[in-house]
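To start, the structure itself, in structure tokens.
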Amino acid sequence: MGGALLQATGSVTSVLRRTFQILSGVGEKTEQKLWQRGITTWSDLREAGDDRLPGRVQRRREAHEDQLAMAEHHLADDHTAPFDRWLPDREIWRILQEAGDRVMYLDIETTGLSYPEGRATVVGAHTDAEGTQLLVRGQDLSSRAVQDLIDDAACLVTFNGRRFDVPWLEREFDVSVDVPNVDLMYAFRRLDITGGLKSIEKQLGLDRGEEIDDVGGYEAVKLWRRWERGNHDALERLLTYNEADVVNMQPLADIAYERLKAEVYDPHEPDDPQAQQAEIPVEDAG
DNA sequence: TTCCCCATCTGGCGCGAGTG
DNA sequence: CACTCGCGCCAGATGGGGAA
């Protein structure tokens with residue numbers, strides 16, 4: 001990764017600190033315009049003279065300074081939650097780097113597709129900080145345990161979790177999930193890669209263990225029933241399956257992050273070597 | 001300064017899609 | 001199998017920037 005050269009060119013500044021879409025009146029286009037003018041980080045924006053800013057950004061300078069101060073303040077305290085509200089949904093992935101080893105890969109198993117007919121059987125989570133934790137119904141799965149799990153996360157990574165896993169946990173366990181959620185399903189769809197979790201793993205050439213390669217979603221339901229009837233191996237298999245899901249989401253998230261980053265920084269247009277932004281010397285006329 | 005055109009932001013509506 | 005969320009599309013509002 002980055003050495004002195006990368007630092008000199010500013011490449012170590014995180015994606016989030018180059019993100020202007022958290023500011024009022026700034027969308028995708030205005031952000032691109034700022035980047036093109038050489039204003040690529042929050043500090044660039046604060047230091048830039050009005051003559052370098054689009055009018056709509058000039059007019060909002062005070063509001064933007066407040067918003068940036070707020071953002072810096074929360075980042076300093078490792079509070080990522082507010083960015084869930086400030087960022088447009090499709091750009092939530094930009095906080096992954098800030099979440100660091102508190103990115104939590106989350107996946108649940110249930111006895112059906114809808115609540116309350118179905119119940120959660122396994123809640124699996126993985127972070128680099130805490131490793132893998134699997135909460136099992138009838139053993140250590142409780143509202144308290146789920147809330148504690150969520151509270152350790154600076155950011156969730158799920159697959160279809162915005163519609164399935166997270167609302168389910170909120171309803172069955174009455175937990176509040178006040179943390180950004182990067183849903184890989186939408187991230188990959190934006191990259192023109194569609195399909196379920198296992199299909200996408202295949203498309204990207206990620207192999208999971210041979211022994212659980214054939215386990216699908218409905219199989220998880222049947223495994224739980226077999227465990228309830230006294231088959232100990234069935235639970236072992238279900239847990240292995242769930243753990244594989246949460247662990248495999250990590251490389252998946254890495255790939256999505258790198259590709260989205262590339263897409264955002266190099267919009268599809270053929271790059272024109274002449275299009276370098278002119279250097280505008282910052283000097284005080286004294 | 002003022003006018004006008006068009007780029008951009010915002011909000012509402014309907015559709016398609018993967019979860020155990 | 002039910003559940004909803006993101007996105008594309010459309011229309012209206014706002015405001016930027018060129019020219020007189």
Side-chain angles (χ1 to χ4, degrees), chain A residues 20-34 36-37 50-61 63-64 84 86-93 105-124 134 136-137 141 156-172 177 180-203 212 214-228 234-235 237-246 248-249 252 256 260 267:
Chain A
F20 298 119
Q21 294 192 49
I22 60 170
L23 303 174
S24 55
V26 178
E28 192 182 342
K29 307 291 180 181
T30 305
E31 182 181 71
Q32 288 284 341
K33 189 176 287 183
L34 286 167
Q36 281 161 15
R37 295 187 186 185
D50 276 348
D51 56 330
R52 297 178 65 201
L53 302 178
R56 62 171 62 219
V57 177
Q58 285 178 32
R59 259 189 5 88
R60 292 171 156 92
R61 186 183 279 275
H64 288 174
D84 190 38
W86 296 339
L87 285 166
D89 286 334
R90 58 190 260 113
E91 305 296 347
I92 295 287
W93 62 273
Y105 306 88
L106 180 80
D107 182 56
I108 71 172
E109 311 301 330
T110 70
T111 59
L113 279 171
S114 59
Y115 183 84
E117 305 87 80
R119 292 287 157 164
T121 57
V122 180
V123 174
L134 306 176
V136 179
R137 181 172 193 79
L141 178 56
L156 298 179
V157 172
T158 61
F159 195 91
N160 200 26
R162 283 184 183 277
R163 281 173 303 173
F164 189 78
D165 305 69
V166 170
W168 189 299
L169 291 179
E170 287 174 331
R171 294 180 67 191
E172 179 167 355
V177 182
N181 177 9
V182 178
D183 192 324
L184 292 177
M185 188 176 79
Y186 297 112
F188 280 110
R189 194 174 294 175
R190 181 169 167 187
L191 296 166
D192 288 323
I193 299 173
T194 57
L197 179 61
K198 299 172 190 55
S199 157
I200 289 178
E201 282 177 15
K202 277 217 176 72
Q203 292 177 53
I212 42 149
D214 55 333
V215 179
Y218 187 52
E219 182 70 14
V221 178
K222 292 190 282 190
L223 283 170
W224 181 257
R225 289 192 190 137
R226 246 183 276 162
W227 151 250
E228 283 187 315
L235 180 61
R237 198 168 155 79
L238 179 59
L239 293 178
T240 308
Y241 165 69
N242 178 264
E243 180 168 11
D245 272 356
V246 293
N248 282 1
M249 266 192 275
L252 236 40
L260 286 170

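Chain letters run A, B, ... following the sequence lines, proteins first and then strands; every chain starts at 1.
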Contacts of [X] that satisfy side-chain contact (heavy atoms from CB on, under 4.5 Å) - sequence neighbours left out:
X	result
A/Pro54	A/Lys33, A/Leu34, A/Arg37, A/Val57
A/Arg162	A/Asp89, A/Ile92, A/Asn181, A/Asp183, A/Tyr186
A/Ala187	A/Ala256, A/Leu260
A/Leu113	A/Phe164

Inset, instruction - For A/Arg171, check salt bridge (Lys or Arg N to Asp or Glu O under 4.0 Å) against everything at least two apart and list the hits. - result: none
Legend entry - Which residues share a salt bridge (Lys or Arg N to Asp or Glu O under 4.0 Å) with A/Asp245, sequence neighbours left out: A/Lys198, A/Arg208
Inset, instruction - Measure the distance from CD on A/Glu31 to C1' on B/dC9 and round it to the nearest whole Å. - result: 14 Å
Legend entry - Which residue lies more 5' along DNA chain C, comparing A/Tyr115 with A/Arg190 via nearest heavy atoms: A/Tyr115
Legend entry - Nearest-nucleotide 5' precedence on DNA chain C, A/Arg90 against A/Arg171: A/Arg171
Inset, instruction - Would you please name every residue forming a side-chain hydrogen bond (donor to acceptor under 3.5 Å, both in side chains) with A/Gln58, sequence neighbours left out? - result: none
Inset, instruction - Return the set of residues passing side-chain hydrogen bond (donor to acceptor under 3.5 Å, both in side chains) with A/Gln203 (not counting sequence neighbours), or none when no residue passes. - result: A/Ser199
Legend entry - First and last nucleotide of DNA chain C, 5' to 3', lying under 4.0 Å from heavy atoms of chain A: C/dC1 to C/dG17
Legend entry - Protein-to-nucleotide contact annotation, 5' to 3' order, nucleotides 11-20 of chain B [B base; S sugar-phosphate only; - none; under 4.0 Å, heavy atom]: ------BBBB
Inset, instruction - Would you indicate what A/Arg60 reaches in the nucleic acid, counting non-hydrogen atoms under 4.0 angstrom: base, sugar-phosphate, or nothing? - result: nothing
Legend entry - All ring-ring contact (aromatic ring centres under 6.0 Å, His included) counterparts of A/Tyr115, not counting sequence neighbours: A/Trp168
Inset, instruction - Mind grabbing the angle between the end helix axes of the helix from B/dT1-C/dA20 to B/dG20-C/dC1? Five pairs an end, 10° rounding. - result: 40°
Legend entry - side chain to side chain contact (heavy atoms under 4.5 Å, CB included), paired with A/Val136, selected from A/Leu235, A/Thr121, A/Leu238, A/Val123: A/Leu235
